[in-house]
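Here it is, the structure in full.
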Protein chains: 4
Amino acid sequence: MTVGESYKDRKISVLKEPKQQRAKIKVAKVLDSAKRLLVFHGLEKLTTNHIAKDSGVSVGSIYQYFPNKQSIILKIYLDWLAEVKAEVIPFKEASLAMDASTLCKSLFRIIYADHIKNTQDQLLEKELTKAMRLFPELGEVEKQHSSEMIALMSDIIGNVLPEYSDEKSIQLAIFFYSLDSSIQQFIELGGDKKLAFDWYEKVVMETLNF
Amino acid sequence: MTVGESYKDRKISVLKEPKQQRAKIKVAKVLDSAKRLLVFHGLEKLTTNHIAKDSGVSVGSIYQYFPNKQSIILKIYLDWLAEVKAEVIPFKEASLAMDASTLCKSLFRIIYADHIKNTQDQLLEKELTKAMRLFPELGEVEKQHSSEMIALMSDIIGNVLPEYSDEKSIQLAIFFYSLDSSIQQFIELGGDKKLAFDWYEKVVMETLNF
Amino acid sequence: MTVGESYKDRKISVLKEPKQQRAKIKVAKVLDSAKRLLVFHGLEKLTTNHIAKDSGVSVGSIYQYFPNKQSIILKIYLDWLAEVKAEVIPFKEASLAMDASTLCKSLFRIIYADHIKNTQDQLLEKELTKAMRLFPELGEVEKQHSSEMIALMSDIIGNVLPEYSDEKSIQLAIFFYSLDSSIQQFIELGGDKKLAFDWYEKVVMETLNF
Amino acid sequence: MTVGESYKDRKISVLKEPKQQRAKIKVAKVLDSAKRLLVFHGLEKLTTNHIAKDSGVSVGSIYQYFPNKQSIILKIYLDWLAEVKAEVIPFKEASLAMDASTLCKSLFRIIYADHIKNTQDQLLEKELTKAMRLFPELGEVEKQHSSEMIALMSDIIGNVLPEYSDEKSIQLAIFFYSLDSSIQQFIELGGDKKLAFDWYEKVVMETLNF
DNA sequence: TATGAATGAGACTTCATTCAT
DNA sequence: AATGAATGAAGTCTCATTCAT
């Protein structure tokens with residue numbers, strides 16, 4: 001690194017860093033507001049003007065960081081999907097060392113636990129689902145995420161049950177992944193959570209022939 | 001009844017029928033357009049003006065038959081729910097005479113068959129689900145429908161498996177009813193329909209201890 | 001009158017009379033409904049469709065008898081103005097025989113009495129005033145009516161007080177005619193009717209130097 | 001205050017003022033257009049789109065300053081009422097020092113003068129009266145204003161004529177306040193303004209027994 | 001002629017996005 | 001770069017009037 005470069009770099013950094021910093025803060029404020037509005041007022045009331053007022057970031061600035069309204073929701077959505085994925089990823093490595101039955105149980109518990117989370121997260125998820133259905137772009141993202149999740153899960157299944165063909169692993173992954181919406185609805189319809197836990201776990205274990 | 005009266009009656013009928021006929025045709029046109037727009041352009045593009053343009057029925061006429069936009073979606077939704085319910089109702093009576101295992105298999109087959117229907121119906125269903133989440137009124141209707149379906153199914157379960165408590169029948173009904181959304185998603189995600197059939201049937205049968 | 005003519009006339013009459021009769025009845029129904037709606041729901045809710053439904057006369061028929069909505073209101077308005085005028089006309093003849101003071105008192109009583117009439121008439125008048133201000137055509141009619149009333153009243157004044165110049169009679173007529181809106185508002189504002197009577201009568205009598 | 005602060009303050013003011021300035025200008029433009037349309041085309045043509053076109057302010061901007069159409073009319077109405085009230089208020093204090101007869105004459109002159117104003121103002125007042133009758137909200141405002149004006153006037157009467165009971169003062173206030181509409185109509189009907197002045201003044205003075 | 005279904009201009013309002021400052 | 005006022009297309013719905021039957 002030359003002195004010149006270093007100087008230039010430093011100059012850039014002292015000039016840019018604060019800005020990037022501020023930008024990050026603003027972006028965070030916007031996303032926080034958007035989430036809050038989503039949770040407390042629903043997707044219908046999520047207007048850019050509301051976000052601006054709630055976040056204290058001007059509309060103009062919002063459009064500096066996001067090309068349009070949907071991209072704000074998209075960011076929230078992507079973050080959420082990443083969280084979901086992050087919960088499952090560790091199991092991929094673990095699947096090489098753990099025995100099949102134990103891993104499945106833990107994995108199931110993780111997924112199941114998601115449905116007993118706090119109300120705000122639930123509401124956010126619901127509104128995001130709305131958005132996902134309403135904006136085709138988000139729908140695409142959801143598809144992409146599903147693929148990745150299924151790939152991940154079929155890898156795990158492949159690891160713990162090497163006797164299964166790839167195809168069968170994939171189908172099982174789809175099956176388990178799909179089961180999630182069913183659990184969600186079961187609880188929404190006022191089903192008993194204890195029973196849900198037992199039945200769905202049984203479904204999983206038996207489909208895997210444990 | 002005199003000949004004259006009979007003639008008059010007939011006359012009235014030919015005078016009245018066309019009006020009702022025309023009205024029915026218009027209503028059908030509106031509903032068809034609404035469905036088409038829903039399927040091909042999504043709920044977002046379902047505006048009264050678009051329906052008017054697409055159906056060839058003027059906005060004014062639309063509002064002669066429907067008090068507001070939502071009521072159009074509501075009608076489509078109700079029709080669809082009625083269809084769904086109509087498929088299950090016959091099983092209630094049958095459940096008194098049939099043996100449990102056979103009945104469950106046929107019932108499952110009916111439900112399952114719904115998911116191999118043509119793409120347009122699937123898309124329509126998807127958009128209706130959107131709408132249901134977006135408009136509180138439809139949400140209410142959906143809740144009501146769910147309750148009825150679950151009551152229906154728990155009655156059937158009560159008939160074929162009298163040894164189960166009412167509570168258990170209800171929970172099972174909720175479980176099976178919820179399973180539906182899972183099947184739907186399984187297929188949407190590109191899951192193998194044959195496998196889906198086997199697995200879900202197995203889930204049903206085993207949860208019932210057959 | 002020739003036989004031919006007589007026959008023709010009769011034919012026309014037997015063919016036309018019932019129709020004219022029916023027409024009159026329909027027109028009356030329409031006007032009644034319009035008045036009723038005006039009184040009970042206000043000018044804002046006075047739509048041709050409402051009149052049709054309320055009167056039992058179809059929209060189409062209404063447009064057979066009235067060129068447009070305003071003309072319905074116009075008819076009601078004209079009828080009302082005619083009534084008002086009819087109350088004053090007798091005084092013109094009487095003014096030749098009666099003494100000034102007595103006549104003025106009776107005339108004042110008539111006008112004043114109008115403001116103690118039943119609520120429905122009051123409401124109708126209020127709505128008609130609205131309409132008069134809203135539709136320029138009615139405004140014109142009102143102007144015409146005012147002119148006639150003022151001419152009538154200045155004639156009366158001219159008869160009972162021949163010593164006044166025509167110009168002064170006219171100005172007095174305008175003055176008295178204008179006073180009416182004041183009385184109306186006095187009562188609307190919750191003024192004491194007995195006091196109103198005394199004061200306004202005094203104003204009239206003193207302006208005429210009685 | 002340091003020079004720096006002062007400078008900053010000034011800077012803030014030059015930064016802020018334009019916005020408030022622009023806003024004020026826009027609001028003024030909107031109100032001016034609304035008045036103009038009211039005067040030249042009547043309440044019927046007073047639509048938000050027309051105001052937008054006429055004022056050169058976009059619909060969106062109009063709705064930035066006014067929550068709905070009626071609030072535009074309300075503003076105009078309130079401004080006008082405030083003007084009217086502002087003219088009378090000074091008389092309340094004056095009424096403690098002035099002799100009754102003089103005060104009444106000046107007060108009358110003020111009120112009377114209002115009716116010799118230019119035609120546009122007269123038309124505007126007329127249209128506002130229309131609006132007041134048409135929109136319940138405005139009606140309420142008018143009622144409130146009437147109450148205040150009558151209270152004000154009865155206070156004045158109470159001050160200059162302490163021998164009158166409160167009740168009599170109120171009734172007189174209502175009487176004088178009502179008289180206004182009569183004067184207005186007198187002039188509208190083409191009555192001679194000089195005569196009007198004399199007669200109405202006489203009515204006032206005599207009712208007060210001067 | 002009578003009917004009332006059909007029409008569609010136009011009213012009010014919202015909100016994503018732009019742009020002058 | 002930041003601001004937030006400004007924009008105007010587009011949405012929902014009404015109602016005077018027409019016109020096919």
Side-chain angles (χ1 to χ4, degrees), chain A residues 18-19 22-23 26 44-53 56-72, chain B residues 14-16 18-23 25-27 44-53 56-70 72, chain C residues 18-19 22-23 26 44-53 56-72, chain D residues 14-16 18-23 25-27 44-53 56-70 72:
Chain A
K19 282 179 193 173
R22 257 197 290 159
K26 289 206 173 182
E44 306 80 71
K45 297 281 169 62
L46 190 76
T47 71
T48 48
N49 288 302
H50 284 164
I51 297 174
K53 198 147 279 175
V57 176
S58 67
V59 226
S61 289
I62 293 177
Y63 275 87
Q64 195 122 46
Y65 302 122
F66 298 94
N68 51 39
K69 194 180 89 165
Q70 289 159 46
S71 65
I72 301 172
Chain B
V14 290
L15 277 178
K16 257 193 180 166
K19 284 175 196 171
Q20 293 182 351
Q21 195 60 25
R22 251 198 297 161
I25 289 171
K26 289 233 162 175
V27 166
E44 315 79 76
K45 296 286 167 59
L46 191 74
T47 73
T48 47
N49 285 316
H50 285 164
I51 297 174
K53 201 150 277 178
V57 175
S58 66
V59 224
S61 288
I62 293 177
Y63 279 88
Q64 194 133 42
Y65 299 119
F66 298 94
N68 51 42
K69 196 181 89 165
Q70 288 162 48
I72 300 173
Chain C
K19 284 179 193 171
R22 257 197 289 159
K26 290 207 170 180
E44 305 78 74
K45 296 283 170 59
L46 189 76
T47 72
T48 47
N49 288 302
H50 283 163
I51 298 174
K53 199 148 276 174
V57 176
S58 66
V59 228
S61 290
I62 292 177
Y63 276 86
Q64 194 122 45
Y65 303 122
F66 298 94
N68 52 40
K69 195 180 90 165
Q70 290 160 45
S71 66
I72 301 172
Chain D
V14 291
L15 276 178
K16 256 193 179 168
K19 281 173 195 170
Q20 293 182 351
Q21 196 60 25
R22 251 199 296 161
I25 289 171
K26 289 233 164 177
V27 167
E44 315 79 75
K45 296 286 168 56
L46 191 75
T47 72
T48 48
N49 286 312
H50 285 163
I51 296 175
K53 201 151 279 177
V57 175
S58 68
V59 227
S61 287
I62 293 177
Y63 278 89
Q64 195 133 40
Y65 300 118
F66 298 94
N68 52 41
K69 195 181 89 166
Q70 287 162 46
I72 301 173

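Worth knowing before you read on, the calculation uses all heavy atoms, side chains too, and leaves out hydrogens, waters and symmetry mates. Every chain is numbered from 1, with letters handed out A, B, ... down the list of sequences.
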Checklist entry - Atom OH of Y65(B) to atom P of dC13(F): distance rounded to whole Å? => result 18 Å

Checklist entry - So, is K26(D) near the phosphate of dT7(F), with a side-chain N or O under 4.0 Å from OP1 or OP2? => result yes

Item to check | Integer-rounded Å distance: dT12(F) P and I72(B) CD1 | outcome: 9 Å

Checklist entry - According to a strict under-4.0 Å criterion, is S58(A) in side-chain N/O contact with OP1 or OP2 of dG4(F)? => result no

Next on the checklist: Using five pairs at each end of the helix from dA2(E)-dT21(F) to dT21(E)-dA2(F) to define an axis, what is the angle between those two axes, to 10°?
Outcome noted: 20°

Checklist entry - Does T47(B) have any side chain to side chain contact (heavy atoms under 4.5 Å, CB included) partners at least two apart in sequence or in another chain, and if so, which? => result N49(B), H50(B)

Checklist entry - For E44(B), what residues pass the side chain to side chain contact (heavy atoms under 4.5 Å, CB included) criterion, not counting sequence neighbours? => result L134(A), P136(A), E127(B), K130(B)

Next on the checklist: Contact between T48(B) and Y63(B) at the side-chain level, heavy atoms closer than 4.5 Å - yes or no?
Outcome noted: yes

Checklist outcome for this item: Nucleotide by nucleotide, nucleotides 14-20 of chain F touches protein heavy atoms under 4.0 Å in the pattern (B base, S sugar-phosphate only, - none) BBBBB--

Checklist entry - Considering residues at least two apart in sequence or located in another chain, which fulfil the side chain to side chain contact (heavy atoms under 4.5 Å, CB included) criterion with Q70(C)? => result N68(C), F135(C), E137(C)

Checklist outcome for this item: Those residues at least two apart in sequence (or on a different chain) that pass side chain to side chain contact (heavy atoms under 4.5 Å, CB included) with K26(C) are V57(C), S61(C), Y65(C)

Next on the checklist: Output the rounded distance in Å from CD1 (I62(A)) to C1' (dC15(E)).
Outcome noted: 13 Å

Next on the checklist: I need the CD-P distance between Q64(D) and dT14(E), as an integer number of Å.
Outcome noted: 12 Å

Checklist outcome for this item: Here the distance between atom P of dA2(F) and atom NZ of K53(A), to the nearest Å, is 20 Å

